[in-house]
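Bear in mind the structure is a predicted one, so any value in this text is a computation, not a measurement.
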Amino acid sequence: KRVRPGRDDKVITAWNALAVSAFARAAAAFGDERYRAAAVRAATFIGEELTVAGRLQRTWKSGHAHIPAFLDDHAFRLAALIDVYEATFDAQWVSRALVLADEMTRLFWDDAEGGFFYTGSDAEPLLARSKHPLGGAEPSGNGVASLAFARLATLCGRDDLGEKADRILRSYAPILPRAARVLGPEALAGAWRTGDIEEVGIVGRADDPTTIAMLTETRRRHNPLRAGRIVPCSFNPKP
């Protein structure tokens, strides 16, 4: 008989982007089309409903998006776009990721010391712009951005993004000896930039049974340091 508690039903870009990544990666791992469809639908919603005049917004409710998005919104969405690309191999998603990476650089990048500020250059002026370098219940925007930039550098040959990832990672050097366990995506990004990356290219059509079988076998083994792509072919190879 108690009064039902209120429900917070606004859509937050950062949280939904984390969910998109989860669904996209689950779709790739398990081959479940329901997860893939959910990831694509939510990623499309963020792009269409949470973007106003080209500027990503933080929240959406009742058909209205508002509050210019912060760094974590952009970084988590960037990672989600890459994950959706690797779940679908639809080139539009990696193209959107590159556009968003450039927009993040324009709005948040610190040319003087490297790394990303939490608020955009178009936001209300503050006494000091912080960077929120460490994550908590959610990963840090800088950490996720460094990993996403490292992945895009490998996938697309964007050395400039790889260099920005390196500058972000160097800023974490003082933390490593004291609290290495607080660094999650940052550690993965460091491995991407310094370790042995497994690049997998499959030549064929995305809907071809042979391509699908090769993808299934590749995805069966988890490797967080893998970059995959399907290379379209315009010919029918002989058996």
K.L.:
How close do Ser146 and Leu169 get, counting heavy atoms only, and between which atoms?
P.N.:
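Ser146 and Leu169 have their closest heavy atoms at OG-CD2, 4.0 Å.
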
K.L.:
For residues Trp93 and Glu86, is any side-chain donor paired with an opposing acceptor at under 3.5 Å?
P.N.:
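Side chains of Trp93 and Glu86: no pair found under 3.5 Å.
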
K.L.:
Between Phe116 and Phe149, does a ring-ring contact (aromatic ring centres under 6.0 Å, His included) hold up when you go through it step by step?
P.N.:
CA-CA 12 Å; Phe116 289 103; Phe149 275 31; 5.6 Å; yes

K.L.:
On the 0 to 90° scale, with breaks at 30° and 60°, tag the Tyr85-Phe89 ring pair as parallel, tilted or perpendicular.
P.N.:
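Taking Phe89 first and then Tyr85, their aromatic rings stand perpendicular (interplane angle over 60°).
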
K.L.:
For Ala80 and Ser21, which heavy atoms make the closest approach, and how far apart are they?
P.N.:
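Distance-wise, the nearest heavy atoms are CA-OG, 3.2 Å.
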
K.L.:
Would you compute the distance between atom OG of Ser140 and atom CD1 of Ile168 and round it to the nearest 0.5 angstrom?
P.N.:
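That separation rounds to 9.0 Å.
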
K.L.:
Does any non-hydrogen side-chain atom of Leu81 lie less than 4.5 Å from one of Val20?
P.N.:
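SC-SC contact between Val20 and Leu81 ruled out.
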
K.L.:
Just so I know, are the side chains of Lys61 and Val11 near enough to count as touching, which here means a heavy-atom distance under 4.5 Å?
P.N.:
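They are not in side-chain contact.
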
K.L.:
To the nearest 0.5 Å, tell me how far Arg151 CZ sits from Leu161 CG.
P.N.:
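With rounding to 0.5 Å, CZ (Arg151) is 13.0 Å from CG (Leu161).
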
K.L.:
Just wondering, more than 12 heavy atoms not from Trp109 lying within 6.0 Å of its CH2?
P.N.:
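Correct, the count exceeds 12.
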
K.L.:
Quick check: closest heavy atoms across Ala24 and Ala39, and the distance to 0.1 Å?
P.N.:
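Minimum heavy-atom contact is N-CB, 3.7 Å.
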
K.L.:
Assess Lys10 against Trp60: is NZ or CZ under 6.0 Å from the centre of the six-membered ring, and within 45 degrees of the ring's axis?
P.N.:
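Ring-cation test returns no.
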
K.L.:
What distance do Glu103 atom CD and Arg96 atom CZ have between them, rounded to the nearest 0.5 Å?
P.N.:
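These two atoms lie 15.0 Å from each other.
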
K.L.:
Please determine whether a side-chain nitrogen of the Lys or Arg among Arg158 and Asp102 lies less than 4.0 Å from a carboxylate oxygen of the Asp or Glu.
P.N.:
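Salt bridge flag = yes for Asp102 with Arg158.
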
K.L.:
Could you tell me whether the side chain of Leu107 reaches within less than 4.5 Å of the side chain of His74, counting heavy atoms only?
P.N.:
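Touching, per the 4.5 Å side-chain cut-off.
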
K.L.:
Group every Ile, Leu, Val, Met, Phe, Trp and Tyr by side-chain heavy-atom contacts under 4.5 Å, then state whether Phe45 and Leu56 land in the same group.
P.N.:
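Looking at the clustering, Leu56 is in the same group as Phe45.
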
K.L.:
For Arg55, is there an ion pair with Asp122 - N to carboxylate O distance below 4.0 angstrom?
P.N.:
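A salt bridge links Asp122 with Arg55.
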
K.L.:
I want to know whether Phe117 and Phe108 have ring centres closer than 6.0 Å.
P.N.:
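Distance test on ring centres: not under 6.0 Å, no.
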
K.L.:
If I compare all heavy atoms of Asp73 with all of Ala14, which pair ends up nearest, and what's the gap?
P.N.:
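Nearest heavy atoms, Asp73 then Ala14: OD1-N, 2.9 Å.
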
K.L.:
Heavy-atom count around Phe30 CZ within 6.0 Å, excluding the residue itself: above 12?
P.N.:
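Counting other residues, nucleotides and ligands, CZ of Phe30 stays at 12 neighbours or fewer.
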
K.L.:
Answer yes if Val144 and Leu18 sit in the same cluster of Ile, Leu, Val, Met, Phe, Trp and Tyr residues linked by side chain heavy atoms under 4.5 Å apart, and no otherwise.
P.N.:
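Yes, it is one cluster - the side chains of Val144 and Leu18 are joined through contacts under 4.5 Å.
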
K.L.:
Do Trp15 and Tyr118 belong to the same hydrophobic cluster, where Ile, Leu, Val, Met, Phe, Trp and Tyr are linked whenever their side-chain heavy atoms lie under 4.5 Å apart, directly or via other members?
P.N.:
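Looking at the clustering, Tyr118 is in a separate group from Trp15.
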
K.L.:
Do you reckon Leu78 sits in the same ILVMFWY cluster as Leu155, going by side-chain contacts under 4.5 Å, direct or chained?
P.N.:
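Yes: a chain of side-chain contacts under 4.5 Å links Leu78 to Leu155.
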
K.L.:
Step through the shown structure and confirm whether more than 12 heavy atoms of other residues, nucleotides or ligands are within 6.0 Å of CZ on Arg25.
P.N.:
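Incorrect, the count does not exceed 12.
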
K.L.:
So, do Leu100 and Leu98 sit near enough that their side-chain heavy atoms are less than 4.5 Å apart?
P.N.:
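No. Closest side-chain heavy atoms not under 4.5 Å.
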
K.L.:
Once rounded to the nearest 0.5 Å, what's the spacing between atom NE2 of His64 and atom CD of Gln57?
P.N.:
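Between atom NE2 of His64 and atom CD of Gln57 there are 8.0 Å.
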
K.L.:
Treat each ILVMFWY residue as a node, draw an edge where side-chain heavy atoms are under 4.5 Å apart, and state whether Ile202 and Val84 are in one component.
P.N.:
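Yes.
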
K.L.:
May I ask you to decide whether Arg77 forms a salt bridge with Asp83, counting only side-chain N to carboxylate O separations under 4.0 Å?
P.N.:
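A salt bridge is absent here (no side-chain N lies under 4.0 Å from a carboxylate O).
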
K.L.:
Within the side chain of Glu186, is there an N or O that forms a donor-acceptor pair under 3.5 Å with the backbone of Gly184?
P.N.:
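Pair found, side chain donor or acceptor close to backbone of Gly184.
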
K.L.:
Do side-chain atoms of Thr51 reach the backbone of Glu48 as a donor and acceptor pair under 3.5 angstrom?
P.N.:
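Pair absent, no side-chain N/O of Thr51 close to backbone of Glu48.
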
K.L.:
What are the two closest heavy atoms between Ala150 and Ala189, and how far apart are they?
P.N.:
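Ala150 and Ala189 have their closest heavy atoms at CB-O, 4.4 Å.
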
K.L.:
How long is the span from the CG atom in Leu50 to the NE2 atom in His66, to the nearest 0.5 Å?
P.N.:
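That separation rounds to 9.5 Å.
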
K.L.:
Indicate yes or no: at least one non-hydrogen side-chain atom of Asp72 is less than 4.5 angstrom from one of Thr13.
P.N.:
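No, side chains not in contact.
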
K.L.:
Determine the minimum heavy-atom distance between Ile82 and Ala148, stating which atoms define it.
P.N.:
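Heavy-atom minimum between the residues: CD1-O, 3.6 Å.
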
K.L.:
Are there over 12 heavy-atom neighbours, none belonging to Phe23, within less than 6.0 Å of that residue's CZ?
P.N.:
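Counting neighbours around CZ of Phe23, 12 or fewer heavy atoms of other residues, nucleotides or ligands fall under 6.0 Å, so no.
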
K.L.:
Quick one: does Arg167's side chain get under 4.5 Å of Asp110's, heavy atoms only?
P.N.:
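The answer is no; the side chains never approach within 4.5 Å.
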
K.L.:
Is the closest side-chain heavy-atom distance between Val94 and Leu152 below 4.5 Å?
P.N.:
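Answer yes - side chains close enough.
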
K.L.:
Give, for atom CD1 of Ile67 and atom OG1 of Thr59, the distance between the pair rounded to the nearest 0.5 Å.
P.N.:
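Reported value, rounded in 0.5 Å steps: 4.0 Å.
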
